[in-house]
Amino acid sequence: MAKKSSIKAIKRGQTVFLCVMLAIPILQWFVFWLYVNINSILLGFQNKIGGWTLANFQQFFTDLTVEGSTISIAVKNTFIYFFNSLCIIMPLALFISYFLYRQIFGTKFFRIVFYMPGIISAVALTTAYMNFLDPVGPFGIVCEKLGISPIPELFANSEYATTTIVIYCIWTGFGTNILLFSGAMSRIPLEIIESARMDGCTTLTEVFRIVLPLIWPTLSTLIIFQCTGLFSASGPILLFTKGQYDTTTIGYWIFDMVYQYHNYNIVSAAGLVFTCIGVPFILLVRKLVEKIPSAEY
């Protein structure tokens, strides 16, 4: 009887311990996820004094359809950053990773060069980039030598500002992608590559018929992750222009509306609209990606 009582006491203690340990994350989930998200959804249907209204959605769609409005510029720039990440940075990172995988001359040096921007402080990088492109910096000196006058202020001109920041994003955006692609390629069995080369496999055939199918799980996952950021794609707008000169994005617009104007209601309405558009898009991309077969090894 004593032994059974001790076993019951141990089980009771374990149950209490598990309940206490689980209570913290469960409470955190209720407070910081469920409550916050429900409250955010409700804010979209309320005015600033708590009354129920659809005016937030009406104002959002009105501003969205006005050419030159802040939100329309933000949506346009966000799509620019999204397609830049998906259609420029990712293919270039894949291309670079393949040549690093092929162990070209200076592979270790180039690996450090491409990954270095990913570990250096963003503040330091943006400061160096702005100083380099300053009209009185190296860029200005080169323009002066070439007889270009007046020297363009790339960050203070709506015609150049977004493009200049996009170029910065390309320069600093390879690190993580190259790390993941290189890791996936390094797991490809050497026997497969050597056998293909003995059979006269060309470089293009090796890339498209061997390497890409074998790393497709990694590539497809990154594509889906990129698509989840459809409406959150952004550059370092706060560090460069603070949204001026038509450089604002949806992410910065939300930041500005909340911290400067304290307009939570229209931000909540915009978030609901973007969610209703983004979720079907992501599910469609996932379905299309899963239809492409990957090679097993």
Side-chain angles (χ1 to χ4, degrees), residues 37 40-48 51-90 122 126 129-130 133 152-173 223-285:
N37 281 279
S40 298
I41 293 172
L42 294 178
L43 282 173
F45 298 92
Q46 296 176 342
N47 55 30
K48 292 186 177 181
W52 298 100
T53 179
L54 294 176
N56 298 313
F57 295 93
Q58 295 172 352
Q59 182 181 347
F60 170 75
F61 284 112
T62 299
D63 293 342
L64 186 63
T65 54
V66 174
E67 185 177 357
S69 65
T70 303
I71 184 59
S72 63
I73 293 173
V75 171
K76 182 189 73 173
N77 289 339
T78 300
F79 282 135
I80 290 174
Y81 286 108
F82 169 73
F83 285 108
N84 173 59
S85 298
L86 184 64
C87 303
I88 298 178
I89 294 178
M90 187 176 291
T126 53
Y129 189 69
M130 291 181 70
L133 296 179
E153 296 187 17
L154 299 181
F155 290 103
N157 189 316
S158 302
E159 187 176 352
Y160 307 114
T162 297
T163 303
T164 305
I165 299 175
V166 167
I167 293 173
Y168 168 86
C169 293
I170 294 174
W171 171 48
T172 60
I223 291 173
I224 294 173
F225 280 157
Q226 288 287 348
C227 291
T228 58
L230 173 63
F231 294 110
S232 60
S234 179
I237 307 302
L238 179 63
L239 295 174
F240 277 127
T241 61
K242 294 182 173 61
Q244 299 178 347
Y245 311 110
D246 294 343
T247 59
T248 187
T249 60
I250 294 175
Y252 188 82
W253 174 77
I254 292 174
F255 169 81
D256 204 34
M257 292 297 290
V258 170
Y259 288 95
Q260 183 172 345
Y261 300 103
H262 305 289
N263 193 341
Y264 299 91
N265 303 91
I266 192 170
V267 168
S268 177
L272 286 173
V273 173
F274 293 141
T275 300
C276 291
I277 298 173
V279 169
F281 172 73
I282 296 167
L283 293 176
L284 175 62
V285 170

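In this text, all values refer to a predicted model and were calculated from it rather than measured experimentally.
Met257 pairs in a side chain to side chain contact (heavy atoms under 4.5 Å, CB included) with only one of the listed residues (Thr70, Asn265, Ile266), which is Ile266.
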* **Audit row: Leu43, Gln46, side chain to side chain contact (heavy atoms under 4.5 Å, CB included) steps and yes/no** => CA-CA 5 Å; Leu43 282 173; Gln46 296 176 342; 3.9 Å; yes

* Evaluate side chain to side chain contact (heavy atoms under 4.5 Å, CB included) for Asp256 paired with Tyr261, printing each intermediate quantity in order. => CA-CA 7 Å; Asp256 204 34; Tyr261 300 103; 3.7 Å; yes

* Asked: Going through the checks in order, is the side chain to side chain contact (heavy atoms under 4.5 Å, CB included) test met by Met130 and Leu239?
  -> CA-CA 10 Å; Met130 291 181 70; Leu239 295 174; over 6 Å; no

* Show your working on side chain to side chain contact (heavy atoms under 4.5 Å, CB included) between Val267 and Asn263 and close with a plain yes or no. => CA-CA 7 Å; Val267 168; Asn263 193 341; 5.6 Å; no

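The CZ atom of Phe281 sits 4.5 Å away from the SG atom of Cys227 when rounded to the nearest 0.5 Å. Rounding to the nearest 0.5 Å places OG1 of Thr78 at 4.0 Å from CD1 of Ile250. Note that CG of Leu64 and CZ of Phe61 are 7.5 Å apart. Values are rounded to the nearest 0.5 Å. Rounding to the nearest 0.5 Å places OG1 of Thr247 at 6.5 Å from OH of Tyr81. Considering CD1 of Ile73 and CG of Asp63, their distance stands at 11.5 Å, rounded to 0.5 Å. To the nearest 0.5 Å, atom CG of residue Asn77 and atom CG of residue Asp246 are 7.5 Å apart.
At least one side-chain heavy atom of Phe45 sits under 4.5 Å from a side-chain heavy atom of Leu54. In this structure, Phe60 and Asn56 have side chains that are not in contact, with every pair of non-hydrogen atoms separated by 4.5 Å or more. By the 4.5 Å heavy-atom criterion applied to side chains, Tyr245 and Asn157 are not counted as neighbours. Considering only heavy atoms from C-beta on, Leu230 stays 4.5 Å or farther from Phe274 through its side chain.
Nearest heavy-atom pair across Phe57 and Gly44 is CE1-O, 3.3 Å. Across Asn84 and Cys169, no two heavy atoms sit closer than the pair ND2-CB, 4.0 Å. The two residues Tyr160 and Pro152 come nearest to each other via the heavy atoms CE1-CB, 4.0 Å. The two residues Ala122 and Tyr168 come nearest to each other via the heavy atoms O-OH, 4.0 Å.
At least one donor-acceptor pair under 3.5 Å links the side chain of Tyr252 to the backbone N or O of Lys242. For Tyr129 (side chain) and Thr164 (main-chain N/O), a donor-acceptor pair under 3.5 Å exists by modelled atom type. Counting only distance, with no hydrogens or angles, the side chain of Ser72 and the backbone of Glu67 share no donor-acceptor pair below 3.5 Å.
Note: Tyr259 and Phe255 have tilted aromatic rings, judged against thresholds of 30 and 60 degrees for the angle between ring planes.
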